[in-house]
Amino acid sequence: MQFHETINRKLFTDIIVILFGCFIVSIGFAYFINPYHLVPGGVFGASLVVHSFIPAVQPGTIALFIQVPLLILSVVCLGSNLGIRTLVATFAAPLMINALSSIGYDNPEALQALDPNHLFGGNINMTNDMLLTCLIGGAVVGIGETFIIRTGASSGGTDIVAMIMHKYLKTKFSYALLFVDGVILLAGLLVIGFGIGLDAEAATGSWLLSFYALITMIVMNRSLAWGLNGNRDSKLIHIVCEKNKEEDIRKWILHTLDRTATTISARGLYSEEDKQLLLMAVRDKEVSRITDQIRRIAPGSFVIVTDSYDVYGFRWNELPQNDGMDFK
């Protein structure tokens, strides 16, 4: 296991941010997801399924027993380098979930059953408002994960399984991750929804919980994306124009729009005429202005607008430093 960390002020600041993020994530799981037996994929979703069989062990503890072996596998199978930030995130979130759950329930039996009727004396029982529970729980967890990921930390989780599948089974990472989370969702449906493998007394769930869990997962991912990207919503514009129109577009971009772009010489496949390809990153609100002006300057241009996850460089963001898991 390799560590590549420099002990400095930024590291301590990042650890504080990670702990705060883990605390927010723990609130979402302990008070809005776990009490209602929602299984939104991932390690914490898997831990809730296992908890149904061994209620004496808290979900946070189960998640810890899943995550630690996965991190070891990432080192052995993927050659990853573990940073202090990643280790802090790995241990802090599960332990905080346990602590907050212990505070929230008024007796050990309610804690084992994760009974929302006994959550803070039933004062925040949202059994009759499941949709609101999904929205709040997913948003809170997503926002908490934003703080963790922004420091460069990673708890690994099901991503590691997907990466191992990608490496050894030659499966696309996105498909592998979808498969892993899908298996966890299916397990939640069978075990918690239909009560397969549970005693009659323990099988108190509903198959509708899987749909609520899916909503929770979507909200979680969207709030995480919003937290990471904010309102920047960068777009990538490809402009294929006639070569004699390049100078007009160039002047407008530089002097009126006050932006820059990258030009690439191109050639039309059908017309066999010389073309110019302009590639530029812009804000979402600038797209309509640009397309309208291109229509005026070079109406024969071919314009492609795509979403951009993020943009780094001049006038945008600094290139991030990854101090989490570095997969070789």
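Fair warning: this is a prediction, and the values are worked out from it, not measured in the lab.
Partners of Asp274 by salt bridge (charged side-chain N to carboxylate O under 4.0 Å, His left out), not counting sequence neighbours, listed by chain and number: Arg267. By the salt bridge (charged side-chain N to carboxylate O under 4.0 Å, His left out) test, Glu272 pairs with no residue at all, sequence neighbours left out. By the salt bridge (charged side-chain N to carboxylate O under 4.0 Å, His left out) test, Arg289 is found to be paired with no residue, residues two or more places apart in sequence or in another chain being considered. Here Tyr31 pairs with Phe120 under the ring-ring contact (aromatic ring centres under 6.0 Å, His included) rule; sequence neighbours left out. Remark: Thr263 pairs with Glu246, Gln276, Leu278 by the side chain to side chain contact (heavy atoms under 4.5 Å, CB included) rule, at least two apart or across chains. In terms of the salt bridge (charged side-chain N to carboxylate O under 4.0 Å, His left out) criterion, Arg222 has no residue partners (sequence neighbours excluded). Shown here are the side chain to side chain donor-acceptor pair (under 3.5 Å) partners of Ser102, two or more places apart in sequence or in another chain: Gln58.
Within the structure, no pair that satisfies the ring pair (Phe, Tyr, Trp, His ring centres under 6.0 Å) test touches residues 255-287, not counting sequence neighbours. Note on residues 297-307: pairs passing salt bridge (Lys or Arg N to Asp or Glu O under 4.0 Å), not counting sequence neighbours, are Lys235-Asp307. Residue pairs meeting the salt bridge (Lys or Arg N to Asp or Glu O under 4.0 Å) criterion with at least one member in residues 103-121: none, sequence neighbours excluded. Residue pairs meeting the ring pair (Phe, Tyr, Trp, His ring centres under 6.0 Å) criterion with at least one member in residues 123-152, sequence neighbours excluded: Phe20-Phe147.
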Validation: residues 179-191 side-chain donor-acceptor distances under 3.5 Å, sequence neighbours left out:
| residue | atom | partner | partner atom | Å |
| --- | --- | --- | --- | --- |
| Asp181 | OD1 | Gly42 | N | 3.0 |

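More than 12 heavy atoms of other residues, nucleotides or ligands lie within 6.0 Å of NZ in Lys243, so this atom counts as buried by the packing criterion.
Using a cut-off of 4.0 Å between Lys/Arg side-chain N and Asp/Glu carboxylate O, Glu247 and Arg250 are scored as salt-bridged.
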